[in-house]
Amino acid sequence: MKDKLLVFWQNHSETIMTLGYNLILALAIVIASALIARSVKKAIQNTKSPLKKIDKTLLPILSSVAGYLVYIIAGLFILDIFGVNTASLIALMGAAGLAIGLALKNTLSNIAAGIMLLILRPFKVGDFVDASGTVGSVSEINLFTTIFKTNDGLYIASPNGKVWGGNIKNFTRNGKRRMDIVVGISFADSIDDGLNVLKEIAASESRLLPEPAPKVMVTSIGESAVNIQLRAWTVNGDYWQTVWDLNKRVKESIEQAGLTIPFPQRTLHIAESMASAITVNKDL
């Protein structure tokens, strides 16, 4: 047995040494590529780097693409070390890519949708949006999914295809939002008095924008109330707190002005014939 191993080594020692050297070199390339890919990703995502001027929406996908490129280049080096004909391999990869593309069409559609989101930019990182029913702040856009953080702290990863395939409502893009504060007053109350209350509230609220100017109006005649409305604009950062505060102020000011906020009510009329029938049934 020992003699056979010795003969095998003498006949194939050069091949074994070359193969071992190539394996060690390939392993070194794999380790180096992993370190380089990690460093490149970290450099792109570093807020102090020159890339900080680029929109934050692009940084995650740039980081992912850069990491994949490093691994692809490392793979080509390793194949070249082992004497693989890379030109033929590229042609083979093209054919295999077509087959894989057909099998993974949904995944590729997410990548295509992610690219469209990055090109057309309907939103960016930090925007508060409603994307196909998903409501939250955009945390990240990567190759396959868009990451949202909801107001109640939930993490939602939505496929790019779903996000791109539906309506996208961006609450942040225009920098300001309109609020509609509606309150009902009694039919017996003066509508002008109610509108004056809303005007005074709008004039005293510093968070409301002067342009477009606040408006007050009668929006509808309801079943049990006359609905009046304060329509005003504020910047995004003040929107919700202003809405909450104004709802409280409107309720209190309406009551202080002697106006009534009625409860929903119905007037029921019973015909005389029906009343007689009820009386007869009771007697029976």
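This structure is a prediction, so every number in the text was calculated from the model and none was measured. One-based numbering along the sequence shown.
Residues Phe144 and Asn110 share a closest heavy-atom pair of O-CB, 3.6 Å. Here the shortest heavy-atom pairing between Thr145 and Asn160 reads C-OD1, 3.1 Å. Closest non-hydrogen pair, Phe187 versus Ser224, comes out as CE1-C, 3.6 Å. Between Pro214 and Ala232, the closest heavy-atom pair is CB-CB, 4.0 Å. Closest approach of Pro122 to Asn170, counting heavy atoms only: O-ND2, 3.0 Å. A pairwise comparison of heavy atoms in Val40 and Ala66 identifies CG1-CB, 3.5 Å as the closest pair.
A salt bridge does not link Lys248 to Asp245: none of the charged side-chain nitrogens sits closer than 4.0 Å to a carboxylate oxygen.
Listed by chain and number, the hydrophobic cluster partners of Val235 are Leu209, Trp233, where partners are ILVMFWY side chains within reach of under 4.5 Å, directly or through others. Taking a 4.5 Å side-chain heavy-atom cut-off between Ile, Leu, Val, Met, Phe, Trp and Tyr, the cluster of Ile31 extends to Leu27, Leu35.
Linking Ile, Leu, Val, Met, Phe, Trp and Tyr whenever their side-chain heavy atoms come within less than 4.5 Å puts Val218 and Val183 in one cluster. Hydrophobic clustering, with ILVMFWY side chains joined whenever heavy atoms are under 4.5 angstrom apart, keeps Ile201 apart from Met217. A single hydrophobic cluster is not seen to contain both Ile147 and Val129; linkage of ILVMFWY side chains at heavy-atom distances under 4.5 Å, directly or through other members, places them apart. Hydrophobic clustering (ILVMFWY, side-chain heavy atoms < 4.5 Å, transitive): Ile156 and Ile141 are in one cluster. Cluster membership for Met116 and Val138, using ILVMFWY side-chain heavy atoms within less than 4.5 angstrom, is shared.
Within the structure, the salt bridge (charged side-chain N to carboxylate O under 4.0 Å, His left out) test picks out no pair touching residues 19-30 (sequence neighbours left out). Listed by first and then second residue, the salt bridge (charged side-chain N to carboxylate O under 4.0 Å, His left out) pairs involving residues 152-165 amount to none (not counting sequence neighbours). Sorted by first and then second residue, the side chain to side chain donor-acceptor pair (under 3.5 Å) pairs involving residues 190-202 (not counting sequence neighbours) form an empty list.
The side-chain hydrogen bond (donor to acceptor under 3.5 Å, both in side chains) check on Ser204 picks up Arg249, with sequence neighbours excluded. Legend: residues meeting side-chain contact (heavy atoms from CB on, under 4.5 Å) with Ile24, ordered by chain and number and at least two apart, are absent. For the side-chain contact (heavy atoms from CB on, under 4.5 Å) test, residues two or more places apart in sequence or in another chain that qualify with Leu23 are Leu19, Phe82. In terms of the ring-ring contact (aromatic ring centres under 6.0 Å, His included) criterion, residue partners of Phe171 (sequence neighbours excluded) are, by chain and number, Phe128. With sequence neighbours left out, Lys251 forms a side-chain contact (heavy atoms from CB on, under 4.5 Å) with Glu255, Ile261. Qualifying salt bridge (Lys or Arg N to Asp or Glu O under 4.0 Å) partners for Asp189, counting only residues two or more places apart in sequence or in other chains: none. Under the side-chain contact (heavy atoms from CB on, under 4.5 Å) criterion, Thr234 pairs with Met179, Arg207, Asp238, Tyr239, Thr242, not counting sequence neighbours.
For the atom pair OG of Ser132 and CD1 of Ile168, the computed distance is 6.5 Å after rounding to the nearest 0.5 Å. Between the NZ atom of Lys149 and the CD atom of Glu140 there is a distance of 14.0 Å, given to the nearest 0.5 Å. Going from atom CD1 of Ile111 over to atom OG of Ser109 covers 8.5 Å, rounded to the nearest 0.5 Å. Here Arg173 contributes atom CZ and Lys124 contributes atom NZ; the two are 6.5 Å apart, rounded to the nearest 0.5 Å.
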Kindly determine whether Thr134 and Val163 satisfy side-chain contact (heavy atoms from CB on, under 4.5 Å), including the steps that lead there.
CA-CA 8 Å; Thr134 301; Val163 174; over 6 Å; no
Determine, step by step, whether Leu246 and Glu205 satisfy the side-chain contact (heavy atoms from CB on, under 4.5 Å) criterion, reporting the C-alpha distance in whole Å, the side-chain angles of both residues, the deciding distance to 0.1 Å, and the verdict.
CA-CA 9 Å; Leu246 286 184; Glu205 179 54 67; 4.0 Å; yes
Using the side-chain contact (heavy atoms from CB on, under 4.5 Å) rule, take Leu120 and Trp164 through it: C-alpha gap first, then chi angles, then the decisive distance, then the call.
CA-CA 11 Å; Leu120 298 181; Trp164 178 249; 3.1 Å; yes
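Counting only distance, with no hydrogens or angles, the side chain of Ser220 and the backbone of Gly222 share no donor-acceptor pair below 3.5 Å. A donor-acceptor pair is defined here as one N or O able to donate and one able to accept, closer than 3.5 Å; such a pair exists between the side chain of Asn236 and the backbone of Thr172. At distances below 3.5 Å, not a single donor-acceptor pair connects side-chain atoms of Ser253 with backbone N or O atoms of Val250.
The side-chain heavy atoms of Phe123 and Thr146, taken from C-beta on, include a pair separated by under 4.5 Å. A 4.5 Å side-chain heavy-atom check between Phe148 and Ser139 finds every atom pair outside the cut-off.
Under 3.5 Å, the side chains of Asn227 and Thr219 contain no donor-acceptor pair of N or O atoms.
Here the rule is side chain to side chain contact (heavy atoms under 4.5 Å, CB included) with Val216, and of Leu230, Ile181, Ile228 only Leu230 fits it.
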